[in-house]
**Q** 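What follows is a single structure, and I will ask about it in a moment.
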Amino acid sequence: MNWTLALPEIVLAVSGLLILLGGVIPKKETFFPVSMAVIGALVLTAALVLGQGEGSAFLGQYVSDGFSRFAKVLILLGAALGLVLALDFNEKAGLARFEYAVLVLFATVGMMVMVSANDLMSLYLGLELLSLSLYVVAAFDRDNPRSAEAGLKYFVLGALASGLLLYGSSLVYGFAGTTNFDRLADALSGGQAGAGVVVGLVFVLAGLAFKVSAVPFHMWTPDVYEGAPTPVTAFFATAPKVAAIALLMHVLIVPFGEMSAQWGQVIWVTSAGSMILGAFAAIGQRNIKRLMAYSSIGHVGYALMGLAVVNDTGYRGVLVYMAIYVVMNLGTFAVLVAMRRQGRALEGIDDLAGLGRTDPAMALWMAVFMFSMAGIPPLAGFFGKLYVFLAAVQAGYWTLAIIGILTSVVASYYYLRIVKVMYFDAPAGAFDARPASLTVVMAGTGLLTLLFFLFPAALIGAAQVAVASLAG
Amino acid sequence: MTVAAFYLFAAVLVASAVMVVTSRNPVHSVLFLILAFFNAAALFLIAGAEFLAMILVIVYVGAVAVLFLFVVMMLDVDFAKLREGFQRYAPIGGVVGAILFLELVLVFGTWTFATDAAGLRLNPTPEGVDNTRALGRILYTDHVFLFQLAGLILLVAMIGAIVLTLRGKPTSKRQDVARQIARAGSVNLRQPPLGAGLGQIGIERPPVEPPPEAKPKQVEHAGHGGGHH
């Protein structure tokens with residue numbers, strides 16, 4: 001049985017139950033202590049993940065390797081910092097209920113199960129645990145119609161995606177005779193996959209593309225990102241994205257590795273579509289959360305480019321890209337969460353006007369994140385794009401690489417426009433003083449983004465190890 | 001022997017199923033439904049599926065049928081009115097039913113199992129183990145990871161439902177014992193004489209404090225009324 005292999009998940013789930021109990025019993029609201037306890041549990045789990053052994057457990061339903069460890073550390077980082085962003089915002093917005101932190105914790109358990117899944121059944125259950133928590137936190141500001149709408153839209157479309165995924169899984173099981181990834185890989189080896197398995201794989205891909213919000217399953221993203229409370233959007237844009245991309249890679253490479261000729265084309269089209277839509281649809285946006293939604297669609301497109309290349313260099317590029325994406329996205333959302341004037345949260349791009357004069361430090365960090373997202377050379381975002389483009393060019397995917405370069409030129413227009421609004425427009429008034437937690441997140445992620453070029457080897461080496469364990 | 005038992009249970013099952021649909025009193029319908037469940041459970045037993053038989057009795061008779069009974073008794077459904085269009089719609093319903101039946105016959109008439117289907121089963125029926133034990137082994141031993149995950153999902157669903165709907169009601173009436181006792185002059189202990197009724201003693205009113213001029217009278221009443229909870 002070897003259940004001790006899954007110790008990080010077990011510890012996190014059990015501490016979630018204990019924290020839930022500790023949050024319910026006191027009469028008064030326990031948002032702050034519960035959030036602190038959840039962050040503590042996430043850090044403890046990250047330590048356990050770093051020391052986790054390799055192998056599979058629970059009759060092959062659970063697998064732990066370098067790849068899953070890499071993704072889990074990134075997920076835990078995103079979840080913990082996402083919760084830090086919510087600490088102050090939720091108090092001020094009247095959302096300071098301890099269930100928020102507990103739901104984030106259970107969503108994290110779901111994500112960890114997803115990246116460790118080695119069976120279509122554990123894949124589905126992990127995905128559902130994540131999705132169900134996300135539906136609830138999207139609607140967490142329940143008296144605000146926009147938040148309720150975001151939760152409902154996400155729920156209905158997410159249920160549709162789950163249906164597609166289950167339908168595809170049932171076809172794969174029916175035609176291949178097993179749900180276990182290793183046995184699927186055996187059954188499909190030698191290129192004798194039938195049409196049924198291919199159709200099933202396409203449905204599974206559609207369900208997962210929905211979760212990473214890749215074109216053509218992106219339509220929920222702008223509405224949900226705009227309607228959900230800002231810290232929730234920050235959480236959506238980071239940890240679940242990493243988990244879904246990692247899951248997509250694992251599913252495509254391990255059980256369906258032999259069918260890369262089939263899924264490679266699908267990922268190619270999805271990647272190109274996401275890059276183009278992310279670049280052009282964001283141009284007209286006035287709401288910065290909507291803009292970030294389209295930006296995240298575009299970033300998923302760049303990440304998928306590495307997967308479309310179908311070789312280890314490309315996979316390594318995806319992991320590096322996602323790690324950098326999480327860091328710079330958390331920083332950007334720290335700035336968005338801090339946008340508050342006279343107690344009212346703001347979401348317009350125009351509200352940033354003159355930030356360079358009213359709050360130079362925050363404007364500087366925001367400029368760093370925007371330049372990084374646009375892919376301006378010494379910053380981290382440039383390296384993320386460099387590695388996927390390089391992989392695409394080396395493997396001869398010239399069309400995809402050229403689409404990527406052109407769309408990043410278009411995308412830099414709207415990233416740089418934010419910088420222009422901050423530094424050259426007439427000030428719209430100072431923001432409220434921001435809490436120390438946001439300053440810490442901003443400065444920490446900002447320094448990582450700024451100084452990544454000094455020590456790229458650490459991250460790239462870790463990604464290399466992770467990919468080696470996946471393909472080997 | 002088994003054959004005789006099968007025909008007995010099957011005949012009672014079909015008869016009670018017919019009665020569910022035709023009986024005029026809805027409570028009788030539900031009772032016939034329970035009879036049908038019991039007979040179906042007996043059929044499962046004959047087929048060797050004792051776990052399904054128990055589940056049918058426990059879940060369907062124990063919970064679902066009782067729920068039906070509650071619904072039938074609590075909602076005032078006019079069943080005569082529901083049956084009003086029966087004559088008019090009977091031909092169309094009959095045609096649809098006949099088509100479905102024909103399709104079922106076609107499906108079962110041409111049904112063939114793939115030759116290696118038995119070998120491809122994820123969890124083939126084990127030899128020498130009764131099926132309750134076999135199901136328990138799959139659910140709680142082999143797939144315990146998935147089982148616990150499903151439990152977590154249900155927990156999250158519950159937390160979500162509570163978070164999104166529960167509101168502390170500020171208007172609800174609750175007893176605040178500490179405040180009640182701390183209020184001066186509202187508690188008065190007396191030793192009434194034996195055998196004396198309210199007629200002799202008279203109803204004791206709370207001491208009337210001279211109300212402040214600005215305060216409306218209702219507030220005064222409400223304040224004292226609270227003491228009698």
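First the proteins, then the strands, lettered A, B, ... as listed; each starts at 1.
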**Q** Is any residue of residues 135-142 of chain A within less than 4.5 Å of chain B by heavy atoms, and which ones?
**A** A:Val136, A:Ala139, A:Phe140, A:Arg142
**Q** Do A:Thr45 and A:Lys72 have side-chain N/O donor and acceptor atoms under 3.5 Å apart?
**A** no
**Q** Under a 4.5 Å heavy-atom cutoff, which of B:Leu149, B:Leu164, B:Leu154, B:Thr165 has the most pairs with chain A?
**A** B:Leu164
**Q** Applying side chain to side chain contact (heavy atoms under 4.5 Å, CB included) to A:Val204 and A:Tyr167, what does each step give before you reach the verdict?
**A** CA-CA 8 Å; A:Val204 170; A:Tyr167 183 58; over 6 Å; no
**Q** Under 30°, 30 to 60°, or over 60°: which ring-plane class applies to B:Phe145 and A:Phe58, parallel, tilted or perpendicular?
**A**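 Plane angle under 30°, so parallel.
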**Q** Verify whether one side chain among A:Thr179 and A:Asp119 offers a donor that lies under 3.5 Å from an acceptor in the other.
**A** yes
**Q** Between A:Asp182 (side chain) and A:Gly60 (backbone), is there a donor-acceptor pair under 3.5 Å?
**A**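 Judged by distance alone, no pair lies under 3.5 Å.
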**Q** What part of A:Leu129 lies closer than 4.5 angstrom to a heavy atom of chain B: side chain, backbone, both or neither?
**A** both
**Q** Given the options A:Ser133, A:Ala6, A:Ala148, which has more heavy-atom pairs under 4.5 Å with chain B than any of the others?
**A** A:Ser133
**Q** Could you tell me how the ring of B:Phe108 sits relative to the ring of B:Trp111: parallel (under 30°), tilted (30 to 60°) or perpendicular (over 60°)?
**A**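 Rings of B:Phe108 and B:Trp111: parallel, as their planes differ by under 30°.
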**Q** Considering only heavy atoms, which portion of B:Ile159 lies under 4.5 Å from any heavy atom of chain A: side chain, backbone, both, or neither?
**A** side chain
**Q** What part of A:Leu130 gets closer than 4.5 Å to chain B, counting heavy atoms only: side chain, backbone, both or neither?
**A** neither
**Q** Against chain B, label A:Ile10 side chain, backbone, both or neither, depending on which of its atoms sit under 4.5 Å from a heavy atom there.
**A** neither
